[in-house]
Number of protein chains: 2
Amino acid sequence: MAGSDHPPFAVTVDLVLLTVRSGRFAALVVERGEQPFRGRLALPGGFVHPDEDLPDAALRELREETGLAPSLGHLEQLASYGAPGRDPRQRVVSVAYLGLVPDLPEPVAGTDAAASQFMPVDSLLRTAGSLAFDHDAILADGVERARAKLEYTSLATAFCPAEFTVGELRAVYEAVWGVELDPRNFHRKVTGTPGFLASTGASTTRGGGRPAQLYRRGPTRTLMPPLLRT
Amino acid sequence: MAGSDHPPFAVTVDLVLLTVRSGRFAALVVERGEQPFRGRLALPGGFVHPDEDLPDAALRELREETGLAPSLGHLEQLASYGAPGRDPRQRVVSVAYLGLVPDLPEPVAGTDAAASQFMPVDSLLRTAGSLAFDHDAILADGVERARAKLEYTSLATAFCPAEFTVGELRAVYEAVWGVELDPRNFHRKVTGTPGFLASTGASTTRGGGRPAQLYRRGPTRTLMPPLLRT
DNA sequence: ACCCTATCTCGTCACCTTGACGATTACTGG
DNA sequence: CCAGTAATCGTCAAGGTGACGAGATAGGGT
């Protein structure tokens with residue numbers, strides 16, 4: 001760090017906010033109201049304030065876009081993107097954060113982004129250029145990170161409400177990975193891993209069949225051995 | 001991204017450069033020649049040039065500090081650190097990169113950092129404040145990332161020279177994880193994973209015992225199933 | 001030449017996890 | 001009451017892993 005003259009950079013945070021909505025893996029996107037890329041879809045984000053820490057900026061964006069407190073869900077740093085020319089206006093380094101939230105009752109209670117909505121990730125990733133800037137690549141990185149983390153962490157519970165059934169948890173895995181899992185083996189795995197699930201004693205019958213037990217997320221954060229997609 | 005006025009940031013890259021040196025897991029540190037933290041140890045790093053991409057800046061630092069081309073070894077983005085006040089001079093966001101290199105013949109062929117050296121990571125991490133700025137935390141993150149990645153990738157070969165024996169590869173795992181592994185089970189695992197190792201046909205007798213076959217790194221980058229530390 | 005030691009390499013065996021799948025339970029809707 | 005649906009429990013074979021025995025092949029000392 002030879003601190004003499006150094007070029008001016010702008011620093012932003014961008015949010016890859018993922019959820020599972022009616023059985024589909026979806027990401028929050030906003031329609032840009034200004035140039036450049038006016039009218040195009042983009043990831044929510046904004047400039048970091050002068051005395052604001054990076055995680056605080058990401059939490060502020062999360063609140064502004066979803067009205068969600070981070071008590072439920074999960075937020076972690078994803079990666080940083082700073083290629084020259086990624087923003088045509090000036091040199092911008094963007095620190096991307098990955099957020100996982102349960103299906104929101106209010107689609108988006110946000111204040112800023114009136115034109116924000118969840119869209120299925122497979123349709124967003126199918127064609128390059130769906131999103132402005134390099135947000136295609138950022139979204140792809142976030143989706144891959146989320147898919148990988150379901151294998152060896154209990155992060156899938158971040159997509160669920162506070163209380164959920166084994167079947168609902170399995171639906172999360174199936175939506176995120178785009179595969180079908182055997183209900184019996186999945187049930188054995190998640191109930192057999194100590195600390196993954198905490199029983200509430202209650203049961204529910206939201207679906208058609210036999211009532212299912214309700215669980216809360218347990219204290220275990222890392223799955224050993226992992227739950228592998230084949 | 002509401003592009004109006006935004007505060008000025010400086011952007012740097014810092015390098016967590018790890019190797020295995022005489023059986024010990026070690027990181028490259030430099031002695032700072034200027035304020036702040038003059039005379040203290042720190043991770044190598046520097047400001048990003050105006051039209052330089054972030055990976056290019058990291059590669060440049062790697063070359064300047066070690067003279068090593070990235071053909072051997074491995075370099076990936078680790079995380080970004082931007083807390084207000086982490087640099088007392090001004091607001092600085094640092095993008096940290098993680099580099100894994102084989103034991104270098106020339107300790108450090110670098111040009112800039114005359115006072116750079118590899119130091120064992122356990123001694124650096126034992127006491128908080130070993131390194132300037134927040135480099136303690138950055139180093140800890142890099143070390144944990146490297147330890148985790150040995151489990152499910154073939155990245156341990158990045159610590160080895162172009163040709164190596166199974167025993168040398170096992171020594172890498174033992175040094176990085178700080179554990180002892182059963183030589184027979186380890187041999188079965190790495191030779192039984194398709195694409196992990198590529199046989200050269202040659203053999204060597206660097207150690208005391210029976211000659212060992214020499215391998216090169218194979219095409220497989222991800223280990224399925226992983227090689228778990230117990 | 002001989003033994004000792006160190007290391008590599010191959011085998012064996014018990015245990016655990018997983019994938020495939022049958023069977024039972026307990027609810028809803030007609 | 002019956003069909004449909006989903007939850008939950010069991011069974012079994014296949015594959016991976018930890019613990020460990022045994023042979024192979026070098027160097028070094030006497």
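FYI, side chains are in, hydrogens and waters are out, and symmetry mates aren't considered; it's all heavy atoms of this structure. Just so you know, these numbers come straight off a predicted model, no measurement behind them.
Contact between the side-chain N/O atoms of A:His187 and the OP1/OP2 oxygens of D:dA7 is not found at any separation under 4.0 Å. An OP1 or OP2 oxygen of C:dT17 is reached within less than 4.0 angstrom by no side-chain nitrogen or oxygen of A:Lys189. One finds a side-chain N or O of B:Arg170 lying less than 4.0 angstrom from the OP1 or OP2 phosphate oxygen of C:dC8.
Rounded to whole Å, the distance from CZ on A:Phe186 to C1' on C:dA20 is 17 Å. At whole-Å resolution of the value, CG in A:Asn185 and P in D:dC12 are 16 Å apart. One atom, CD of B:Gln213, and another, P of D:dA26, lie 13 Å apart when rounded to the nearest Å. For the pair A:Leu197 CG and D:dT8 P, the computed distance is 11 Å after rounding to whole Å. Here D:dA7 presents its P atom at 13 Å from CG of A:Leu181, a figure rounded to the nearest Å. Taking atom CG on A:Leu214 and atom C1' on D:dA7, their separation rounds to 13 Å, with Å as the unit. Distance CZ (A:Arg229) to P (C:dT18): 16 Å, rounded to an integer number of Å.
Two residues, B:Arg210 and B:Thr230, neighbour DNA chain D, and the one matched to the more 5' nucleotide by heavy-atom proximity is B:Thr230. Both A:Gly208 and B:Asp182 sit near DNA chain D, but only A:Gly208 has its closest nucleotide nearer the 5' end.
Contact annotation: side chain of A:Arg188 to base of D:dG10, donor-acceptor pair absent below 3.5 Å. For D:dG21, the base has a donor-acceptor partner in the side chain of B:Arg184 [N/O atoms by modelled type, under 3.5 angstrom].
Here the CZ atom belonging to B:Arg206 is positioned 6.5 Å from the OG1 atom belonging to B:Thr165, to the nearest 0.5 angstrom.
Between A:Arg40 and A:Glu31 there is no salt bridge, since no side-chain N of the basic residue sits under 4.0 Å from a carboxylate O of the acidic one.
A ring-centre distance under 6.0 Å is not found for A:Phe164 and A:Tyr215.
Of all non-hydrogen atoms in B:Ser130 and B:Thr127, the two that sit nearest each other are OG-O, 2.8 Å.
For the side-chain hydrogen bond (donor to acceptor under 3.5 Å, both in side chains) criterion with B:Tyr81, the lone passing option out of B:Asp141, B:Asp14, B:Asp134 is B:Asp141.
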